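Structure first, commentary second.
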Amino acid sequence: MKKILLVLAALVIWQHWGRVEPLLGLGPAPAVARHGQVILYGTAWCGYCAKTRAFLAERGIPYLDLDIEASAEARRGYEALGGNGVPLVDVKGTLVRGYNPDAILAAY
């Protein structure tokens, strides 16, 4: 009987792994900028985020755009970096807070 209950419990956990994984802290690691990579943490409604996206596009700087309201993984990465306001740009490990084109170019 114990074996049957154990198998059933394992099956339930497997079926609901997407809900169990965050509770156990086993989700994927937050995105971290690697050499040459730029990550923009922002939101869809933020005007300064839009200006930062336009700036990066105009300069031809490739970047990963993460919406902290639409993605739990993005939110975890943002919070791991001490996020306090958007946009937050991670340029090769250097954090640029707010819309600051000069700081982005200097870090890039």
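Values below: every heavy atom of this structure, side chains too, minus hydrogens, waters and symmetry copies. Values in this document were obtained by computation on a predicted structure and should not be read as measured data.
- Heavy atoms only, all atoms of each residue included: Ala103 and Val96 are closest at CB-CG1, 3.8 Å.
- Leu95 and Leu81 get closest at one heavy-atom pair: CD1-O, 3.6 Å.
- Using a 30° and 60° split on the angle between ring planes, Tyr78 and Tyr41 fall in the tilted class, from 30° to 60°.
- Remark: Ile4 CD1 is loosely packed, at most 12 non-hydrogen atoms of other residues, nucleotides or ligands lying under 6.0 Å away.
- For the residue pair Gln37 and Leu64, the shortest heavy atom distance occurs at NE2-CD2, 4.1 Å.
- Residues Thr52 and Pro87 approach most closely at OG1-CG, 3.5 Å, considering heavy atoms.
- Minimum heavy-atom separation, Leu66 to Ala74: CB-CB, 3.7 Å.
- Here the shortest heavy-atom pairing between Asp67 and Ala44 reads OD2-N, 3.6 Å.
- Using a distance-only test at 3.5 Å, with no hydrogens or angles considered, a donor-acceptor pair links the side chain of Lys92 to the main chain of Tyr108.
- Put simply, SG on Cys46 and CD1 on Ile68 are 9.0 Å apart, with the number rounded to the nearest 0.5 Å.
- With sequence neighbours left out, Arg53 forms a salt bridge (charged side-chain N to carboxylate O under 4.0 Å, His left out) with Asp65.
- Of the inter-residue distances, the one linking Leu56 atom CG with Leu105 atom CG reads 8.5 Å to the nearest 0.5 angstrom.
- Here the side chains of Val86 and Tyr48 are not in contact, with every heavy-atom distance at 4.5 Å or above.
- In this view, Glu69 satisfies the salt bridge (charged side-chain N to carboxylate O under 4.0 Å, His left out) rule with no residue, not counting sequence neighbours.
- Distance CG/Leu40 to CG/Asp90: 10.5 Å, rounded to 0.5 Å.
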